[in-house]
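Report on one structure; see the data block that follows.
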Amino acid sequence: MSEKLVKEIPPKSEDISKWYISVIRKADLVDYAPVKGMMVIKPAGYAIWENIQKILDKEFKKTGHTNAYFPLLIPESLLNKEAEHVEGFSPEVAWVTMGGSEELEERLAIRPTSESIICSMYSKWIMSWRDLPVLINQWVNVLRWEKVTRPFLRTTEFLWQEGHTAHRNKEEAMEETLRIINIYKNFIENVLAIPVIMGKKSDKERFAGAVETYTVEALMPDGKALQAGTSHYLGENFSKAFDIRYEDKDNILKYVHQTSWGVSTRLIGGLVLTHGDDNGLVIPPKVAPTQVIIIPISRGNWKESVLPVAEKVKETLENEDIRVKLDEREEYTPGWKFSEWEMRGVPLRIEIGPKDIEKNQVVLVSRVDREKRFISIEKLVDEVRKFLDDIQNSLFEKAKKFRDEHTKSTEDLEEFKKYMKEGRGFIKAPWCGDEKCELKIKEETTATIRTIGEEAKEGQKCIICGKPAKFVPFFAKSY
RNA sequence: CGGGGCGUAGCGCAGCCUGGUAGCGCACCUGCUUCGGGAGCAGGGAGUCGGAGGUUCAAAUCCUCUCGCCCCGACCA
């Protein structure tokens, strides 16, 4: 899209941060709250989150999960039970120390994540192999005292879902961990139209308290990677710390194997960054709160001629469960409305004017590239569906093309550094598996291991130490 | 948490260096004409200059502290 019609949005290519802030605020997704790092998710933004919830929740239910709610406050003693977990999270925990004017005997953590409180309950609930698996999810807010914040991408408080499951053995827990990360991958790619790389985290990048962390990583237009979702195999780490045991068929008491997994409102930030352009937001049809905006062309006696047709079109689409709005406001010109709804990211526009009425047609216009399709009113529903599908696909293809073009392979550190300086992106480079080399790469290039990638081939050498490589990770600078 | 930048009307900014009547564009309100890519004209409303101290006859402007936002690092979904 060449023409820039929306004023006050700085070009995405020039300063993506300014662009990002400007778009989310102009599209009315978010506002800053009075407390540092906290945001108000406004109706337009929350509607996207509701659609994310609706679609993901269905997937969780389909795979046997149920929702519950665990408390916001976690006693310090519980949080402290799993050593690695505390160490990982304690720097960013906010504490409640007063109740009214009384100082509390034990301070209470505002949940940064809920493993500890949920495990403390699981230890009461799980007795027998017949109680397993436990497959519980909750949609809640969590709080992490972050030093650097950005709306959606990293906020002090954020909304997410966290699944916490308990299983009889490693195999079942591992299967669950992978089932979930695949649900995330499919959702993020098919619904949010953001291509991701799926894989395992290195020991250093792993979730605090986990045995293995699986992640889906998306590449943003500035070449930085966004961790979009994670699924952890917790092994027996928490069950041992919280004494979650069950009596198995063989009469032996065993520790459960657990998983936990989550995606957050960060996904909205990823969506904005990935698809937006100089005219504002672009929301993929499958999550768009409004998929179609109808703009009647207000000329002459349009209220008698055009408006009734527009209303009929709206009704027809509504009956087909297409999320549609009609902008019949008189105080704005059609041109203004075009720009306004483009900025808000509505993927498909229908223009209906006097000329169209004569020809018994309507004009469909894509948000992505302003492609116009003139279609006869009889074919409305099919054509709208088809166009929405095309837009959904083209957004994914466009993002995938960018991702692929910004994924490079190298076995040379200098070339690695050069890639990081010019344009950035994912870089695949062989690594021996040693954390020291991982740290060295970060120091030299600012890139970290996003996923450890596939196993190295015979003869590939670590880019730092030159010893035989174990893996070929995806490196990138991260959000 | 370190380095840098910025807080002036809803949004974007000028004014600050060199203290002396708070300004511009967009948005908003009223009216008329407009309307197939952010319409034109005329009139109008709106700001304790982020906050608290201090210097001064006088502070948006100078000094100190503080809060917040943005960028770059370290840390993290």
Side-chain angles (χ1 to χ4, degrees), chain A residues 1 3-10 15-22 25-26 28 31-39 88-93 112-113 142-162 184 201 204-208 213 215-218 222 225-232 260-270 279-280 295-303 306 329-343 349-357 362-363 365 370 372 374 439 442-443 446 448 477-479:
Chain A
M1 201 164 303
E3 260 179 302
K4 185 176 166 316
L5 288 168
V6 177
K7 296 161 203 155
E8 292 157 38
I9 297 181
D15 185 340
I16 195 156
S17 289
K18 281 219 171 84
W19 171 88
Y20 177 76
I21 298 295
S22 161
R25 300 205 62 192
K26 288 222 64 159
D28 220 19
D31 201 355
Y32 288 106
V35 179
K36 175 185 160 65
M38 292 196 163
M39 63 175 173
F89 279 101
S90 61
E92 44 188 36
V93 172
T113 177
V142 287
L143 202 83
R144 298 183 187 176
W145 215 258
E146 300 285 353
K147 311 221 157 115
V148 179
T149 57
R150 289 174 99 191
F152 293 117
L153 297 168
R154 175 171 297 106
T155 43
T156 302
E157 180 188 18
F158 56 95
L159 305 184
W160 75 347
Q161 56 69 216
E162 44 178 333
Y184 287 162
K201 286 288 189 193
K204 185 178 169 298
E205 301 277 332
R206 214 175 44 205
F207 175 75
T213 288
T215 179
V216 280
E217 301 274 329
D222 56 357
L226 187 75
Q227 184 173 309
T230 47
S231 181
H232 317 291
S260 70
W261 28 274
V263 296
S264 72
T265 35
R266 169 180 266 193
L267 289 175
I268 297 172
N279 292 315
I295 299 178
I297 305 305
S298 40
R299 288 186 110 183
N301 66 337
W302 70 282
K303 280 196 163 173
V306 174
R329 290 176 292 180
E330 285 182 73
E331 56 272 32
Y332 296 106
T333 64
W336 188 91
K337 291 176 184 173
F338 295 167
S339 303
E340 178 68 11
W341 291 104
E342 279 176 4
M343 192 186 62
R349 173 172 80 234
I350 299 183
E351 299 174 14
I352 308 174
K355 286 183 232 161
D356 305 308
I357 303 288
V362 295
V363 187
V365 187
R370 295 210 182 116
K372 286 194 177 184
F374 300 84
L439 279 166
K442 185 173 185 188
E443 260 172 53
T446 74
T448 54
K477 194 169 162 59
S478 79
Y479 256 92

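Just so we're on the same page: letters track the sequence lines, and every chain starts at 1.
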Anything under 3.5 Å between a protein N or O and an N or O of nucleotides 70-72 of chain B, put it in a table, one pair a line.
| residue | atom | partner | partner atom | Å |
| --- | --- | --- | --- | --- |
| B:C70 | OP1 | A:Y32 | OH | 2.9 |
| B:C70 | OP2 | A:T149 | O | 3.4 |
| B:C71 | OP1 | A:S17 | OG | 2.6 |
| B:C71 | OP1 | A:R150 | NE | 3.1 |
| B:C71 | OP1 | A:R150 | NH2 | 2.8 |

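- Separating the CZ atom of A:F89 from the C1' atom of B:C76 is a distance of 9 Å, rounded to the nearest angstrom.
- For the 3.5 Å distance criterion, the side chains of A:S17 and A:R150 qualify, holding a donor opposite an acceptor.
- The gap from the C1' atom of B:G68 to that of B:A52 amounts to 15 Å, rounded to the nearest Å.
- Remark: P of B:C75 and CD of A:Q227 are 15 Å apart, rounded to the nearest angstrom.
- Ion pairing between a basic and an acidic side chain is recognised when a charged N comes within 4.0 Å of a carboxylate O; A:E157 and A:R144 show no such pairing.
- Base-pair partner of B:C49: not found among the strands shown (Watson-Crick or G-U wobble, both distances under 3.5 Å).
- On the C1' atoms, B:C67 is 24 Å away from B:A22, given to the nearest whole Å.
- Judged purely by atom type and a 3.5 angstrom limit, A:R266 has no side-chain atom pairing as donor or acceptor with the backbone of A:L159.
- Here, B:U8 and B:G50 have their C1' atoms 10 Å apart, quoted to the whole Å.
- A 3.5 Å limit on both hydrogen-bonding distances identifies no Watson-Crick or G-U partner for B:U18.
- Proximity of a side-chain donor or acceptor of A:T230 to a complementary backbone N or O of A:T215 within less than 3.5 Å is not detected.
- Within 4.0 Å of A:E351, counting heavy atoms only, lies at least one base atom of the nucleic acid.
- A side-chain contact (heavy atoms from CB on, under 4.5 Å) with A:D356 holds for exactly one of A:V306, A:I350, A:V363, A:V362; it is A:V363.
- Base contact: A:P354 has a heavy atom under 4.0 Å from a base atom.
- Heavy atoms of A:K355 sit under 4.0 angstrom from at least one base atom.
- Both tests do not hold together for A:R154 against A:Y479: distance to the six-membered ring centre under 6.0 Å, angle to the ring axis within 45°.
- Distance check on atom P: B:G43 versus B:G7 gives 32 Å, rounded to whole Å.
- Atom CG in A:L159 sits about 17 Å away from atom P in B:A77, given to the nearest Å.
- The base of B:C35 lies close enough to the side chain of A:S298 for a donor and an acceptor atom to sit less than 3.5 Å apart.
- Under the Watson-Crick or G-U wobble criterion, with both distances below 3.5 Å, B:U55 has no partner in any strand shown.
- Between A:K147 and A:E92, no side-chain nitrogen of the basic residue sits less than 4.0 Å from a carboxylate oxygen of the acidic one, so the salt-bridge criterion is not met.
- The interatomic distance linking A:E330 (CD) with B:C32 (C1') rounds to 15 Å, in whole Å.
- The listed nucleotides are B:C35, B:G37, B:A77; the one nearest the side chain of A:R299 is B:C35.
- For B:G73, the paired nucleotide is B:C1, the pair qualifying as Watson-Crick or G-U wobble because both relevant distances are below 3.5 Å.
- Pair check for B:A42 finds B:U30; Watson-Crick or G-U wobble, both atom distances under 3.5 Å.
- One can place CD of A:E331 at 10 Å from P of B:U30, the figure rounded to the nearest angstrom.
- B:G19 and B:G12: their P atoms are spaced 30 Å apart (whole Å).
- Judged by distance alone, with hydrogens and angles left aside, the side-chain atoms of A:Y20 form no donor-acceptor pair with the main-chain N or O of A:D15 at under 3.5 Å.
- In this structure, A:W19 atom CH2 and B:G12 atom C1' are separated by 18 Å, rounded to whole Å.
- A:L226 comes within 4.0 angstrom of no nucleic acid atom, judged by non-hydrogen atoms across all strands.
- With hydrogens and angles ignored, no donor-acceptor pair closer than 3.5 Å exists between the side chain of A:R25 and the base of B:G10.
- Nucleic acid contact class of A:T213 (heavy atoms, under 4.0 Å, all strands): none.
- For the pair A:E443 and A:V365, both in contact range of RNA chain B, the more 5′-proximal nearest nucleotide belongs to A:V365.
- A salt bridge is defined here as a Lys NZ or Arg NE, NH1 or NH2 lying under 4.0 Å from an Asp or Glu carboxylate O, and A:E217 with A:K201 meets this definition.
- Across all strands, A:Y479 comes closer than 4.0 Å to base atoms (heavy-atom distances).
- In this model, no side-chain donor or acceptor of A:R144 finds a partner on the base of B:C76 within 3.5 Å.
- Residue contacts shown for A:K442 are limited to sugar-phosphate atoms, with no base heavy atom under 4.0 Å away.
- Using a 4.0 Å heavy-atom cutoff across all strands shown, A:E92 reaches sugar-phosphate atoms only and no base atom.
- Proximity note for A:K36 (side chain, C-beta onward) versus B:C35, B:C75, B:G68: the nearest is B:G68.
- Using P as the reference atom, B:U30 and B:A46 are 16 Å apart when rounded to the nearest Å.
- Summarising the geometry, the separation between CZ on A:R206 and C1' on B:C76 is reported as 16 Å, rounded to the nearest angstrom.
- Applying the ring pair (Phe, Tyr, Trp, His ring centres under 6.0 Å) rule to A:W160 yields the partners A:F158; only residues at least two apart in sequence or on another chain are considered.
- Taking atom P in both B:A77 and B:G2, one finds a spacing of 22 Å when rounded to whole Å.
- Looking only at side-chain heavy atoms (C-beta outward), A:P151 and A:Y32 come within less than 4.5 Å of each other.
- With no hydrogens or angles considered, a side-chain donor-acceptor pair links A:H232 and A:T213 at under 3.5 Å.
- As judged by a 4.0 angstrom heavy-atom cut-off over every strand, A:G269 is placed among residues making no nucleic acid contact.
- Taking atom CZ of residue A:R329 and atom C1' of nucleotide B:C35, one finds them 14 Å apart after rounding to whole Å.
- Contact annotation for A:R349: base contact, defined as any heavy-atom pair under 4.0 Å involving a base atom.
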Next item on the list: Any chance you could list the contact pattern along nucleotides 44-52 of chain B? Use B for base contacts, S for sugar-phosphate-only contacts and - for none, protein heavy atoms under 4.0 Å, 5' to 3'.
Entry: ---------
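- B:G47 and B:G5 have their C1' atoms separated by 24 Å, given to the nearest Å.
- Residue contacts shown for A:V363 include a base, since a base heavy atom lies under 4.0 Å away.
- Of the side-chain N and O atoms in A:K337, none sit less than 4.0 angstrom from OP1 or OP2 of B:G37.
- Here the straight-line distance linking atom NZ of A:K355 with atom CD1 of A:I357 works out to 12.5 Å at 0.5 Å rounding.
- Applying the Watson-Crick and G-U wobble criteria (two distances, each under 3.5 Å), B:C35 pairs with nothing in any strand.
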